[in-house]
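Accompanying notes for the structure given below.
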Amino acid sequence: MLDVKFIRDNKELVKERLAIRNFKELFIVDEAVELDNKRKKLQTEADNAQAKINAASKKIGQLMAKGEKEKAEIKKAEVASLKSFLQPISDELAITENSLTEAVLKLPNLPSAQVPAGRSAEDNVVVREGGSKPLLPGNAAPHWDLAKKYNLIDFELGNKITGSGFPVYINKGAKLQRSLIQYFLDYNTAAGYKEFQPPIMVNGTTAYGTGQLPDKEGQMYYVGEDKLYLIPTAEVPVTNIYRDEILKEPDLPIKMTAYTPCFRREAGSYGKDVRGLNRVHQFDKVEIVQLVHPEKSYEVLEEMVSHVEKLMHTLELPYRILKLCGGDMGFTSAQTYDFEVYSAAQQKWLEVSSVSNFESFQTNRMKIRFKDVNNKTHLLHSLNGSSLALPRIVACLLENNQTSTGIKLPKALHNYFGGEYMA
RNA sequence: GGAGAAGUGCCGGAGCGGUUGAACGGGACUGACUCGAAAUCAGUUUUACGCCUCAACAGUGUAACGGGGGUUCGAAUCCCUCCUUCUCCGCCA
């Protein structure tokens with residue numbers, strides 16, 4: 001969440017930036033500042049009253065020690081009246097603090113200066129394209145047909161076992177998953193990311209830390225019996241590894257990677273866009289996360305984009321990188337680049353990675369900080385990106401590389417997969 | 001799942017109703033000594049939010065001894081509840 005002090009000191013700037021992401025309820029900014037002023041006033045009053053109570057209580061202790069009971073009784077009466085004076089103030093303080101937090105939580109992150117204005121995906125800016133689109137014959141098959149033809153994925157079986165959107169990978173289809181995961185993790189750890197295997201269920205505090213709660217619980221599967229959420233991305237448990245920590249500057253940057261299954265309820269989207277692997281409820285993804293010095297975060301954002309881009313190259317798939325406009329960015333992001341791969345048989349672009357700088361929006365919630373050389377404490381910046389999400393990569397690998405004799409795999413995977421073709 | 005025990009600062013470990021933000025030890029940092037280092041001596045060593053101030057890592061107030069709530073003039077210390085850890089039993093990949 002945004003820092004209240006920053007909002008207080010930069011009210012107009014905050015409104016300007018929020019307008020870029022099409023955020024309409026700008027009055028919340030004013031509301032937050034007013035609540036904060038009220039909070040400060042009430043806290044001063046409450047603190048002063050409490051100080052008097054503390055002093056009187058200490059005095060009572062001394063009087064009792066001396067055996068001056070009567071004087072102590074008089075003091076007790078004094079404290080009682082001070083307390084009844086304090087009570088309504090501290091009640092109101094608590095209410096004000098809650099309202100303030102509630103208000104600030106409604107505000108999304110401020111888009112960085114580089115973020116283009118815009119309402120929807122239409123307004124995203126293509127930064128660059130890479131790879132080349134294959135020339136497929138007119139009768140080229142979509143991946144769901146190829147998956148069936150070569151017996152790689154069984155969508156029907158997933159329906160039977162769980163429900164729609166839970167594909168079952170079989171034989172070489174399963175092995176391809178395993179190869180991709182292994183390859184992505186190796187690629188990330190070679191670049192200095194430390195590998196983690198985190199829990200895939202998290203508690204409410206953790207889900208709050210990265211911004212899934214409040215308000216977005218509908219996107220996650222929830223295990224009510226134990227009050228745990230299935231993670232929508234490894235970002236959630238991995239970023240929380242450093243929650244409530246104060247790091248030393250030489251420890252920076254923190255680079256982490258993790259493979260996890262991801263679960264998304266994605267309620268209400270059906271139809272052509274969700275056929276096959278285009279959109280599923282459970283999928284595999286390898287994530288990268290960094291915690292960095294605030295002055296370095298935009299440099300690191302570009303570095304992470306280029307890290308993912310190189311990986312994309314090795315997969316020999318046509319891709320493009322988009323800079324998201326204000327209206328299409330996630331609630332917690334300050335700047336986001338999306339990677340899309342071209343699905344040649346479906347003839348459309350599919351998102352396979354999203355790389356974002358959250359600045360201090362998440363770390364403020366999680367209180368992830370560092371001490372600078374002057375021993376002063378500041379919030380770190382957090383960033384993350386997919387490197388990569390599997391299903392749509394698999395969809396494109398199948399479609400773009402189909403031949404009359406099988407699916408030809410990119411060189412980078414030959415050793416991992418143990419072969420050049422899937423047939 | 002059942003029965004016990006415990007959760008204190010960077011670490012170890014006291015305190016078990018009053019001047020304890022917290023003894024003592026270790027570590028770390030600063031200064032002195034030294035050509036330098038070790039040893040020694042002196043000092044420092046949490047965080048958040050207020051007030052004051054041009055500002056301060058200057059002063060001052062409040063809060064925090066696993067989380068939340070309660071008793072009391074006053075709680076790290078008593079009570080309730082939740083979480084976590086350890087030991088024993090049961091079950092189990």
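Proteins come first, then strands; the chains are lettered A, B, ... in the order of their sequence lines, and each starts at number 1. All figures in this text were calculated on a predicted structure; none of them were measured in a lab.
- Using a 4.0 Å heavy-atom cutoff across all strands shown, Ile53(A) reaches no nucleic acid atom at all.
- Using atom P as the reference point in both A5(B) and C80(B), the two lie 13 Å apart (nearest Å).
- Listed pair Arg369(A) / U47(B) fails the phosphate criterion, with no side-chain N or O lying under 4.0 Å from OP1 or OP2.
- Listed pair Lys5(A) / C49(B) meets the phosphate criterion, a side-chain N or O lying under 4.0 Å from OP1 or OP2.
- Distances shorter than 4.0 Å separate none of the side-chain N or O atoms of Ser57(A) from OP1 or OP2 on G18(B).
- In terms of heavy atoms, Pro198(A) sits closest to Ala258(A) at CD-CB, 3.9 Å.
- For the pair Asn54(A) and A63(B), the criterion of a side-chain N or O lying under 4.0 Å from OP1 or OP2 is met.
- If you check every strand for non-hydrogen atoms under 4.0 Å, Lys83(A) touches sugar and phosphate atoms only.
- Rounded to whole Å, atom C1' of U62(B) lies 10 Å from atom CG of Leu93(A).
- Between the CG atom of Asp244(A) and the P atom of G9(B) there is a distance of 14 Å, rounded to whole Å.
- Using a 4.0 Å cut-off between charged side-chain N and carboxylate O, Glu299(A) and Lys296(A) make no salt bridge.
- Taking atom P in both U8(B) and G68(B), one finds a spacing of 16 Å when rounded to whole Å.
- Rounded to an integer number of Å, the gap from NZ of Lys367(A) to P of A64(B) is 19 Å.
- For Tyr193(A) and His307(A), the side-chain atoms include no donor-acceptor pair closer than 3.5 Å.
- Rounded to a whole Å, the NZ atom of Lys376(A) is 14 Å from the C1' atom of A48(B).
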Return one dot-bracket line describing RNA chain B 5' to 3' (Watson-Crick or G-U wobble pairs, both distances under 3.5 Å; ( ) same strand, [ ] crossing, | another strand, . none).
-> ((((((((.[[[..)..(.....]]]((((((.......))))))((((((.......)))))).[[[[[..)....]]]]])))))))....
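- Close to C49(B), at under 4.0 Å from its OP1 or OP2, lies no side-chain N or O of Arg39(A).
- Across all their heavy atoms, Ala72(A) and Met64(A) have their closest contact at CB-SD, 3.8 Å.
- Comparing Asn48(A) and Lys40(A) along RNA chain B, the residue whose closest nucleotide (by nearest heavy atom) sits nearer the 5' end is Lys40(A).
- Cation-pi contact between Lys216(A) and Phe331(A): present, with separation from the ring centre below 6.0 Å and deviation from the ring axis of at most 45°.
- Crowding of Asn415(A) atom CG: a count of heavy atoms from other residues, nucleotides or ligands under 6.0 Å not exceeding 12.
- Atom CD in Gln43(A) sits about 15 Å away from atom C1' in C52(B), given to the nearest Å.
- In this structure, Lys248(A) does not reach the A28(B) phosphate: none of its side-chain N or O atoms is under 4.0 Å from OP1 or OP2.
- Within the structure, every side-chain polar atom (N or O) of Gln50(A) is placed at least 4.0 Å from both OP1 and OP2 of G61(B).
- Applying the 4.0 Å criterion to OP1 and OP2 of G50(B), one finds that Arg8(A) has a side-chain N or O inside that range.
- Heavy atoms of Ala56(A) sit nowhere under 4.0 angstrom from any nucleic acid atom.
- Checked for salt-bridge contact, Glu245(A) and Lys367(A) miss the test: no charged N lies under 4.0 Å from a carboxylate O.
- A gap of 12 Å separates the P atoms of G7(B) and G12(B), to the nearest Å.
- One P atom belongs to U62(B), the other to U20(B), and the distance between them is 15 Å to the nearest Å.
- The nearest whole Å value for the distance from the CG atom in Asp47(A) to the P atom in A48(B) is 16 Å.
- Rounded to whole Å, the P atom of A32(B) lies 10 Å from the corresponding atom of G36(B).
- Using atom P as the reference point in both A64(B) and G74(B), the two lie 13 Å apart (nearest Å).
- Put simply, NZ on Lys38(A) is 17 Å from C1' on G50(B), counting in whole angstrom units.
- Geometric assessment of Lys175(A) against the ring of Phe417(A) yields a positive cation-pi assignment under the 6.0 Å and 45° thresholds.
- Aromatic ring pairs are classed by plane angle as parallel below 30°, tilted from 30° to 60° and perpendicular above 60°; the pair Phe166(A) and Tyr221(A) is tilted.
- In this structure, Gly61(A) and Ile246(A) both approach RNA chain B, and ranking their closest nucleotides by distance from the 5' end singles out Gly61(A).
- Cation-pi geometry between Arg264(A) and Phe283(A) is not met at under 6.0 angstrom from the ring centre and within 45 degrees of the axis.
- Between Lys15(A) and Asp30(A) there is a salt bridge, since at least one side-chain N of the basic residue sits less than 4.0 Å from a carboxylate O of the acidic one.
- Per the geometry, CG belonging to Leu42(A) stands 14 Å off C1' belonging to U62(B), to the nearest Å.
- Going from the C1' atom of G1(B) to that of C92(B) covers 12 Å, rounded to whole Å.
- With respect to Asp36(A) and Arg39(A), a salt bridge is recorded, a charged nitrogen being found less than 4.0 Å from a carboxylate O.
- For G21(B) and A75(B), the P atoms lie 11 Å apart once the distance is rounded to whole Å.
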Pairs under 3.5 angstrom, nitrogen or oxygen only, protein versus nucleotides 76-84 of chain B, please.
none

